[in-house]
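Counting begins at 1 with the first residue of the sequence. Below, each value reflects all heavy atoms present in this structure, side chains not excepted, and no hydrogens, waters or symmetry copies.
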Amino acid sequence: MDKLSRYREIIKQVLELYASWSKRKPGVDVVNEIVVDAERDHYELLNVGWENECRVHFAVLHLDIINNKIWIQHDATNRPVADALLEAGVPSEDIVLAFHPPEARQYTEFAAA
(Lines give C-alpha, C1' and ligand atoms only; values in the text may rest on other atoms or scores of the structure.)
Protein backbone atom coordinates (compact mmCIF):
# COMPACT_ATOMS: atom_id res chain seq x y z
CA MET A 1 0.00 0.00 0.00
CA ASP A 2 1.45 3.36 -0.95
CA LYS A 3 1.84 6.19 1.55
CA LEU A 4 -1.21 8.16 0.39
CA SER A 5 -3.50 5.12 0.50
CA ARG A 6 -2.15 4.22 3.93
CA TYR A 7 -2.77 7.76 5.25
CA ARG A 8 -6.34 7.71 3.90
CA GLU A 9 -6.98 4.41 5.67
CA ILE A 10 -5.40 5.62 8.94
CA ILE A 11 -7.51 8.79 8.92
CA LYS A 12 -10.72 6.79 8.43
CA GLN A 13 -9.78 4.43 11.29
CA VAL A 14 -8.95 7.35 13.58
CA LEU A 15 -12.25 9.10 12.80
CA GLU A 16 -14.15 5.87 13.51
CA LEU A 17 -12.29 5.49 16.81
CA TYR A 18 -13.12 9.03 17.91
CA ALA A 19 -16.74 8.63 16.79
CA SER A 20 -17.06 5.49 18.92
CA TRP A 21 -16.15 7.38 22.09
CA SER A 22 -19.20 9.63 22.21
CA LYS A 23 -21.82 8.95 24.84
CA ARG A 24 -25.54 9.40 24.45
CA LYS A 25 -27.23 11.72 26.92
CA PRO A 26 -30.92 11.55 27.79
CA GLY A 27 -32.94 14.11 25.84
CA VAL A 28 -30.13 14.64 23.37
CA ASP A 29 -30.52 13.41 19.82
CA VAL A 30 -27.04 14.01 18.45
CA VAL A 31 -25.16 11.55 16.25
CA ASN A 32 -21.62 11.42 14.98
CA GLU A 33 -21.20 11.66 11.25
CA ILE A 34 -17.99 10.82 9.46
CA VAL A 35 -17.70 12.75 6.23
CA VAL A 36 -15.14 11.54 3.70
CA ASP A 37 -14.29 13.21 0.42
CA ALA A 38 -11.60 10.75 -0.69
CA GLU A 39 -11.36 12.31 -4.15
CA ARG A 40 -10.26 15.66 -2.68
CA ASP A 41 -8.81 14.22 0.58
CA HIS A 42 -11.07 16.03 3.06
CA TYR A 43 -12.16 14.16 6.21
CA GLU A 44 -14.42 15.31 9.07
CA LEU A 45 -16.15 14.04 12.16
CA LEU A 46 -19.30 16.03 12.91
CA ASN A 47 -21.85 16.08 15.72
CA VAL A 48 -25.30 16.59 14.17
CA GLY A 49 -28.74 16.64 15.74
CA TRP A 50 -30.76 18.31 18.45
CA GLU A 51 -30.15 19.00 22.14
CA ASN A 52 -33.54 19.88 23.56
CA GLU A 53 -34.68 22.67 21.21
CA CYS A 54 -31.21 23.68 20.06
CA ARG A 55 -29.74 22.56 16.77
CA VAL A 56 -26.31 20.93 17.03
CA HIS A 57 -23.96 21.02 14.05
CA PHE A 58 -20.39 20.95 15.20
CA ALA A 59 -17.09 19.95 13.60
CA VAL A 60 -15.19 17.74 16.04
CA LEU A 61 -12.30 16.93 13.71
CA HIS A 62 -11.28 18.15 10.27
CA LEU A 63 -8.29 16.59 8.52
CA ASP A 64 -7.00 17.06 4.98
CA ILE A 65 -4.25 15.41 3.01
CA ILE A 66 -2.21 18.04 1.20
CA ASN A 67 1.05 17.25 -0.60
CA ASN A 68 1.25 13.79 1.03
CA LYS A 69 0.98 15.23 4.55
CA ILE A 70 -1.93 15.12 6.98
CA TRP A 71 -3.09 18.61 7.86
CA ILE A 72 -5.09 18.89 11.07
CA GLN A 73 -7.38 21.81 10.29
CA HIS A 74 -9.49 21.53 13.45
CA ASP A 75 -9.34 19.42 16.60
CA ALA A 76 -12.01 19.95 19.26
CA THR A 77 -11.23 16.77 21.19
CA ASN A 78 -9.79 16.16 24.64
CA ARG A 79 -7.29 13.69 23.18
CA PRO A 80 -5.24 15.34 20.44
CA VAL A 81 -5.74 13.60 17.12
CA ALA A 82 -2.05 14.20 16.35
CA ASP A 83 -1.24 11.67 19.10
CA ALA A 84 -3.55 9.10 17.52
CA LEU A 85 -1.92 9.64 14.13
CA LEU A 86 1.54 9.18 15.64
CA GLU A 87 0.38 5.98 17.37
CA ALA A 88 -0.95 4.75 14.01
CA GLY A 89 2.50 5.14 12.48
CA VAL A 90 2.36 8.56 10.80
CA PRO A 91 5.72 10.31 11.34
CA SER A 92 5.61 13.78 12.89
CA GLU A 93 7.20 15.30 9.77
CA ASP A 94 4.05 14.27 7.83
CA ILE A 95 1.61 15.94 10.24
CA VAL A 96 0.85 19.67 10.04
CA LEU A 97 -0.95 21.42 12.88
CA ALA A 98 -2.78 23.75 10.51
CA PHE A 99 -4.79 25.33 13.33
CA HIS A 100 -1.59 27.09 14.43
CA PRO A 101 -0.51 30.20 12.51
CA PRO A 102 2.10 29.35 9.84
CA GLU A 103 4.82 31.31 11.63
CA ALA A 104 4.24 29.36 14.87
CA ARG A 105 4.35 25.85 13.35
CA GLN A 106 8.15 25.81 13.23
CA TYR A 107 8.15 25.70 17.03
CA THR A 108 6.08 22.52 17.18
CA GLU A 109 7.44 19.00 16.88
CA PHE A 110 5.44 18.65 13.65
CA ALA A 111 5.85 19.83 10.04
CA ALA A 112 5.47 23.53 9.28
CA ALA A 113 3.82 22.88 5.89
Side-chain angles (χ1 to χ4, degrees):
M1 183 182 295
D2 69 6
K3 179 176 159 179
L4 190 55
S5 297
R6 191 169 64 88
Y7 284 0
R8 288 175 175 144
E9 196 58 38
I10 288 171
I11 288 171
K12 290 176 195 172
Q13 291 171 357
V14 166
L15 292 179
E16 288 173 7
L17 176 66
Y18 277 72
S20 73
W21 290 341
S22 95
K23 298 176 183 169
R24 290 259 182 184
K25 296 181 204 172
V28 177
D29 186 23
V30 176
V31 297
N32 291 319
E33 289 187 5
I34 295 172
V35 180
V36 173
D37 178 354
E39 183 177 329
R40 293 171 197 81
D41 283 322
H42 303 297
Y43 307 86
E44 289 189 334
L45 172 61
L46 303 172
N47 290 152
V48 179
W50 291 91
E51 183 168 355
N52 300 316
E53 297 177 7
C54 295
R55 180 71 174 154
V56 175
H57 187 269
F58 178 74
V60 179
L61 289 169
H62 176 179
L63 308 173
D64 292 331
I65 297 177
I66 302 171
N67 296 329
N68 290 317
K69 294 182 182 179
I70 299 174
W71 288 59
I72 302 172
Q73 304 287 5
H74 180 73
D75 182 354
T77 67
N78 291 329
R79 181 175 181 257
V81 73
D83 291 347
L85 294 171
L86 291 169
E87 290 171 13
V90 179
S92 61
E93 62 267 19
D94 282 353
I95 299 171
V96 178
L97 304 181
F99 51 83
H100 286 309
E103 64 274 10
R105 292 182 204 147
Q106 63 183 315
Y107 302 111
T108 71
E109 63 186 275
F110 298 95

List for me each residue that meets salt bridge (charged side-chain N to carboxylate O under 4.0 Å, His left out) alongside D83, sequence neighbours excluded, and say none if there are none.
->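 Here no residue qualifies.
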
Of all residues at least two apart in sequence or in a different chain, which pass the salt bridge (charged side-chain N to carboxylate O under 4.0 Å, His left out) check with R79?
-> E87

Can you hop from [X] to [Y] via hydrophobic side chains spaced under 4.5 Å?
{"X": "V28", "Y": "V31", "value": "no"}
{"X": "I70", "Y": "V96", "value": "no"}
{"X": "L46", "Y": "V81", "value": "no"}
{"X": "W21", "Y": "I10", "value": "yes"}

Please name the pair of heavy atoms, one in [X] and one in [Y], separated by the smallest distance, quoted to 0.1 Å.
{"X": "I34", "Y": "A19", "result": "CD1-CB, 4.2 Å"}
{"X": "A38", "Y": "Y43", "result": "CA-OH, 4.0 Å"}
{"X": "A84", "Y": "V14", "result": "CB-CG1, 4.2 Å"}
{"X": "R6", "Y": "G89", "result": "NH1-O, 3.8 Å"}
{"X": "H74", "Y": "F58", "result": "NE2-CZ, 4.5 Å"}
{"X": "A76", "Y": "A59", "result": "CB-O, 4.1 Å"}

State, with a plain yes or no, whether a side-chain heavy atom of V60 is found less than 4.5 Å away from one of Y18.
-> no

Side chain proximity check, N68 to L4, heavy atoms < 4.5 angstrom =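 Answer yes - side chains close enough.
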
Carefully, step by step, assess I66 and D41 under the rule side-chain contact (heavy atoms from CB on, under 4.5 Å).
-> CA-CA 8 Å; I66 302 171; D41 283 322; over 6 Å; no

Y7 vs L85, side-chain contact (heavy atoms from CB on, under 4.5 Å): CA-CA, chis, key distance, verdict = CA-CA 9 Å; Y7 284 0; L85 294 171; over 6 Å; no

Can you tell me how far apart [atom1] ([X]) and [atom2] ([Y]) are? Round to the nearest 0.5 Å.
{"X": "H100", "Y": "Q106", "atom1": "NE2", "atom2": "CD", "value": "12.5 Å"}
{"X": "R40", "Y": "I65", "atom1": "CZ", "atom2": "CD1", "value": "14.5 Å"}
{"X": "I95", "Y": "W71", "atom1": "CD1", "atom2": "CH2", "value": "13.0 Å"}
{"X": "H62", "Y": "I72", "atom1": "NE2", "atom2": "CD1", "value": "11.5 Å"}
{"X": "N52", "Y": "D29", "atom1": "CG", "atom2": "CG", "value": "11.0 Å"}
{"X": "R105", "Y": "L97", "atom1": "CZ", "atom2": "CG", "value": "8.0 Å"}

Stepwise side-chain contact (heavy atoms from CB on, under 4.5 Å) test for V48 and V30 = CA-CA 5 Å; V48 179; V30 176; 5.8 Å; no

Would you say the side-chain atoms of D75 pair up with the backbone N or O of T77, donor to acceptor, closer than 3.5 Å?
-> yes

Picking from D37, V35, V36, what satisfies side chain to side chain contact (heavy atoms under 4.5 Å, CB included) with H42?
->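 With H42 as partner, side chain to side chain contact (heavy atoms under 4.5 Å, CB included) holds for just one option, D37.
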
Residue set satisfying ring pair (Phe, Tyr, Trp, His ring centres under 6.0 Å) with F110, at least two apart, ordered chain then number -> none

For N32 and L45, run side-chain contact (heavy atoms from CB on, under 4.5 Å): C-alpha distance rounded to whole Å, both residues' side-chain angles, the deciding distance at 0.1 Å, then the answer.
-> CA-CA 7 Å; N32 291 319; L45 172 61; 3.8 Å; yes

